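A quick note: this is a predicted structure, and the numbers were derived from the prediction, not measured. Sequence lines set the chain letters: A, B, ... in the order given, protein chains first and strands last, and positions in each chain run from 1.
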Protein chains: 2
Amino acid sequence: MSEKKRYTIQDIARRLNTTASTVSRALQDHPRISEKMRKAVKEVALELDYQPDFRALSLKTGSGRTIGVMVPQVDRHFFSTVLRGIDEVATQADYSVLICQSYESYEKEVSLSRSLLYGKVDGLIVSVASSTLDATHFESFGRKGIPLVFFDRVWEPMKVSKVVIDDYLGAVKSVQHLIDNGCREIAHFAGPQHINVYFNRTRGYIDTLKKNGLGVNEELIFRGVITRETGCETMQSILKLDNRPDAIFSSGDYSALGAMLCAKEAGVRVPEEMAFSGFANEPFDAIFDPPLTSVDQHGIEMGRQAAALLIEQMENKRADFVPRTIVINPDLVIRKSSLKRNGS
Amino acid sequence: MSEKKRYTIQDIARRLNTTASTVSRALQDHPRISEKMRKAVKEVALELDYQPDFRALSLKTGSGRTIGVMVPQVDRHFFSTVLRGIDEVATQADYSVLICQSYESYEKEVSLSRSLLYGKVDGLIVSVASSTLDATHFESFGRKGIPLVFFDRVWEPMKVSKVVIDDYLGAVKSVQHLIDNGCREIAHFAGPQHINVYFNRTRGYIDTLKKNGLGVNEELIFRGVITRETGCETMQSILKLDNRPDAIFSSGDYSALGAMLCAKEAGVRVPEEMAFSGFANEPFDAIFDPPLTSVDQHGIEMGRQAAALLIEQMENKRADFVPRTIVINPDLVIRKSSLKRNGS
DNA sequence: TATTTTTGTGCAATCGATTGTTCAACTTTT
DNA sequence: AAAAGTTGAACAATCGATTGCACAAAAATA
């Protein structure tokens with residue numbers, strides 16, 4: 001019954017006894033096309049529901065107006081807000097956004113890069129997977145003239161534009177807040193240290209302790225604790241310690257949460273006996289009991305900046321483009337879980 | 001300094017004083033190419049980090065081996081699990097997945113469809129936006145011979161393959177469970193009724209009440225309650241009622257949660273005085289106090305089935321393909337929030 | 001040695017669009 | 001009415017890759 005066909009510019013030409021070039025020009029309102037022909041072409045185009053073929057078009061023009069985004073997982077609130085920011089700016093500039101997920105896997109990341117390199121995207125925005133220790137696979141993009149922008153989890157050695165938050169500052173704000181609230185023995189859940197963001201959070205923690213004249217107790221730094229499960233397990237060991245810490249500064253909300261729930265379960269009063277502070281400001285932070293203090297990373301803004309940076313570079317194709325790094329200030333969102341001093 | 005160029009098959013040919021066709025064949029291990037030439041070509045290709053141009057390739061071959069997925073939002077747990085299922089099957093079959101978000105907006109959905117129609121994808125998997133009342137814009141895909149599969153939120157009138165869960169059954173299981181636990185006045189938070197999934201959940205609720213000889217009280221059906229905010233507000237009004245319901249069956253977890261937290265805040269004992277049951281089995285359901293009973297939709301499985309269905313249709317390009325609908329059985333995940341009878 | 005077969009490459013068309021060039025048919029100018 | 005200018009549309013090349021066909025040179029067969 002139905003024709004099931006994608007009509008091309010040639011089909012239109014055939015029906016009107018003319019050529020593809022004339023049709024192409026008519027559709028573009030070229031001045032040298034007669035009014036009559038223009039109308040006829042547009043009419044047939046409409047009738048056939050003609051859409052130009054993206055592949056042919058981008059092959060000819062050299063750009064498909066498509067931005068690729070590669071993130072570890074889209075269902076993490078932070079990444080999804082960044083996506084929103086990117087989408088916003090990209091749409092405005094008439095670019096499509098192609099999202100893909102590495103699922104934190106190095107292999108997947110490499111194979112995705114390869115497939116994107118085929119010419120599916122004209123520019124790429126990336127936050128690297130946690131299992132990626134070496135991100136040289138991204139260097140091909142530079143070699144092929146495909147602009148690249150890193151955000152959040154960046155591959156420092158590469159000379160490309162980056163958008164990051166000041167993780168160090170976020171940690172400082174967080175730990176200082178805990179100290180100001182009377183905490184003196186602050187434990188820390190650290191993420192994988194080869195990832196810049198986690199490394200910087202840990203640095204901020206250590207420096208802030210020192211700055212306040214508090215000693216750094218290596219035994220209170222728990223490494224690789226980022227999931228709810230590990231948070232919970234770590235709390236179990238903490239509860240067995242002779243002198244329990246009076247606060248936890250976690251590099252992530254999931255582990256902070258896991259630990260907090262475990263502690264409550266074990267009868268620890270939060271925040272009176274133990275205060276908690278996380279990182280990422282996940283939406284569920286606000287609805288826990290008690291609500292979790294956390295660091296907001298302004299994802300939408302990061303996304304906007306990353307997209308703007310990328311588009312700028314794509315449009316100004318000069319070889320002398322100088323990569324920039326944009327640093328965004330994080331905000332500490334104070335909630336009950338850390339208010340040891342006063343319950344306000 | 002750096003060349004900043006994408007090398008083509010022609011560049012390789014030029015270096016070896018041969019032609020593009022020979023290079024193309026050499027790279028494909030065509031039998032009629034000499035061992036020597038083959039080696040030489042591959043060597044240069046490697047040296048130049050040659051990657052075939054996706055656009056040229058898919059223009060010629062007619063397929064870019066790309067599946068498009070359009071969902072309302074990627075940061076909803078259900079959708080992100082479906083994505084995982086799709087990704088799994090697609091990757092295995094050597095397809096790339098292109099994700100895009102409608103953000104529940106009809107306009108965005110229409111404009112995305114248009115851009116995908118350009119030939120960016122060879123097949124499409126869709127869950128429609130809540131603001132979409134008329135999804136005829138998807139019919140172009142059929143007309144152009146681009147296979148389409150709906151999942152979860154489907155546009156019933158279209159004759160295409162669909163993957164859904166039995167929302168009716170999910171609601172039945174949920175409400176029956178509440179009744180079995182001694183609830184007699186069960187209120188219902190209903191979603192937008194023009195969306196099939198919400199409509200069916202409400203039907204399941206009504207039918208189950210009737211089946212158990214319980215009357216349906218229209219005043220206990222609250223429409224359009226899907227966010228945490230509206231859930232909370234609705235609970236406020238419920239608490240003012242003369243005869244409060246003893247349970248809430250919500251069509252969504254967010255509103256169930258909002259309501260549950262509000263009720264607890266107001267001093268209602270959960271589940272003793274009021275039981276709660278949601279829909280979607282969001283990951284946070286398990287970590288609330290009390291944990292929320294909910295209906296699991298088997299997202300990964302839905303994604304797998306949808307992708308398999310789509311790929312089958314794409315590869316078997318016969319015009320006589322008959323659309324299928326796959327119905328997946330939901331499971332009720334029982335947690336403390338609904339266990340009124342016994343605290344087990 | 002003459003003829004057939006095999007082997008290795010090049011030529012040219014094609015996918016669907018864009019765009020510079022050519023060229024006939026009208027208009028306008030003188 | 002002849003020269004010059006304008007208009008409308010066709011021709012052909014191009015983007016990067018694939019692939020049927022032609023055709024030498026080399027190898028195998030007679």
Student: Enumerate the residue pairs fulfilling salt bridge (Lys or Arg N to Asp or Glu O under 4.0 Å) with a member in residues 116-141 of chain B, sequence neighbours excluded, ordered by first and then second residue.
Tutor: none

Student: Can a donor-acceptor pair be found, under 3.5 Å and without considering hydrogens, that links the side chain of A:Asp49 to the backbone of A:Arg6?
Tutor: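 Between the backbone of A:Arg6 and the side chain of A:Asp49 there is no qualifying donor-acceptor contact (under 3.5 Å).
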
Student: What integer distance in Å separates A:Asp29:CG from D:dG8:C1'?
Tutor: 15 Å

Student: Starting at NE2 of A:His30 and ending at C1' of C:dT19, how long is that distance when rounded to a whole Å?
Tutor: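 The answer, rounded to whole Å, is 9 Å.
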
Student: For B:Tyr118 and C:dG16, what is the distance between atoms OH and C1' respectively, to the nearest whole Å?
Tutor: 14 Å

Student: Is there a residue in residues 52-59 of chain B whose heavy atoms reach under 4.0 Å of DNA chain D, and which residues are they?
Tutor: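 Of all residues in residues 52-59 of chain B, the ones placing a heavy atom under 4.0 Å from DNA chain D are B:Pro52, B:Asp53, B:Ala56.
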
Student: Select base, sugar-phosphate, or nothing to describe what A:Asn17 touches, counting heavy atoms under 4.0 Å on all strands.
Tutor: sugar-phosphate

Student: Whole Å only: how far is the CG atom of B:Leu27 from the P atom of D:dT18?
Tutor: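 The answer, rounded to whole Å, is 8 Å.
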
Student: Let me know the distance between CD1 of A:Ile12 and C1' of D:dA9, rounded to the nearest Å.
Tutor: 16 Å

Student: For B:Arg38 and for A:Arg32, locate the closest nucleotide of DNA chain C by heavy-atom distance; then report the residue assigned to the nucleotide nearer the 5' terminus.
Tutor: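 Nearest-nucleotide comparison on DNA chain C picks B:Arg38.
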
Student: For the residue pair B:Gln305 / B:Glu301, report whether a side-chain donor-acceptor contact shorter than 3.5 Å exists.
Tutor: yes

Student: OP1 or OP2 of C:dT19 sitting under 4.0 Å from any side-chain N/O of A:Gln28?
Tutor: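 It does, given that an N or O in the side chain of A:Gln28 lies less than 4.0 Å from OP1 or OP2 of C:dT19.
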
Student: Less than 3.5 Å apart, any donor N or O on the side chain of A:Thr132 or A:Glu109 sitting next to an acceptor on the other?
Tutor: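 Yes, side-chain donor-acceptor contact under 3.5 Å.
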
Student: Looking at A:Thr61, I'd like to know whether one of its side-chain N or O atoms comes within less than 4.0 Å of OP1 or OP2 on C:dA17.
Tutor: no

Student: So A:Glu35, base contact, sugar-phosphate only, or nothing? Heavy-atom distance under 4.0 Å.
Tutor: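 Contact class for A:Glu35: none.
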
Student: I want to verify a distance call: between D:dT18, C:dT9, C:dT19, whose nearest atom is closest to the B:Ser24 side chain?
Tutor: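 The answer is D:dT18.
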
Student: To the closest 0.5 Å, what do you measure between OG (B:Ser127) and CZ (B:Arg76)?
Tutor: 9.0 Å

Student: What does the list of N/O pairs under 3.5 Å between the protein and nucleotides 11-13 of chain D look like, with a distance for each?
Tutor:
from   : atom 1 : to      : atom 2 : distance (Å)
D:dC11 : N4     : A:Ser21 : OG     : 3.0

Student: State, yes or no, whether a side-chain contact exists between A:Leu148 and A:Met158 at a heavy-atom distance under 4.5 Å.
Tutor: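 Yes; the side chains approach each other to less than 4.5 Å.
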
Student: To the nearest angstrom, how far is A:Ile33 atom CD1 from C:dT18 atom P?
Tutor: 12 Å

Student: In this structure, how many angstroms lie between the P atom of D:dC15 and the OH atom of B:Tyr7, rounded?
Tutor: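 After rounding, the gap between these two atoms is 17 Å.
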
Student: Where the side chain of B:Tyr50 is concerned, which of D:dA17, C:dG8, D:dA9 is the nearest nucleotide?
Tutor: D:dA17

Student: Using a distance-only test with no angle check, is there a side-chain donor-acceptor pair under 3.5 angstrom linking A:Glu104 and A:Ser131?
Tutor: no

Student: Side chains of A:Val69 and A:Val82: does their closest heavy-atom pair fall under 4.5 Å?
Tutor: no

Student: Do the side-chain N and O atoms of A:Ser21 and A:Thr19 include a donor-acceptor pair separated by under 3.5 angstrom?
Tutor: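 The answer is yes; a qualifying pair exists.
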
Student: Any non-hydrogen side-chain atom of B:Val164 less than 4.5 Å from a side-chain atom of B:Arg153?
Tutor: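 Contact flag for B:Val164/B:Arg153 side chains = no.
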
Student: In whole angstroms, how far is the C1' atom of C:dC15 from the CD atom of A:Gln10?
Tutor: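 After rounding, the reported distance stands at 9 Å.
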
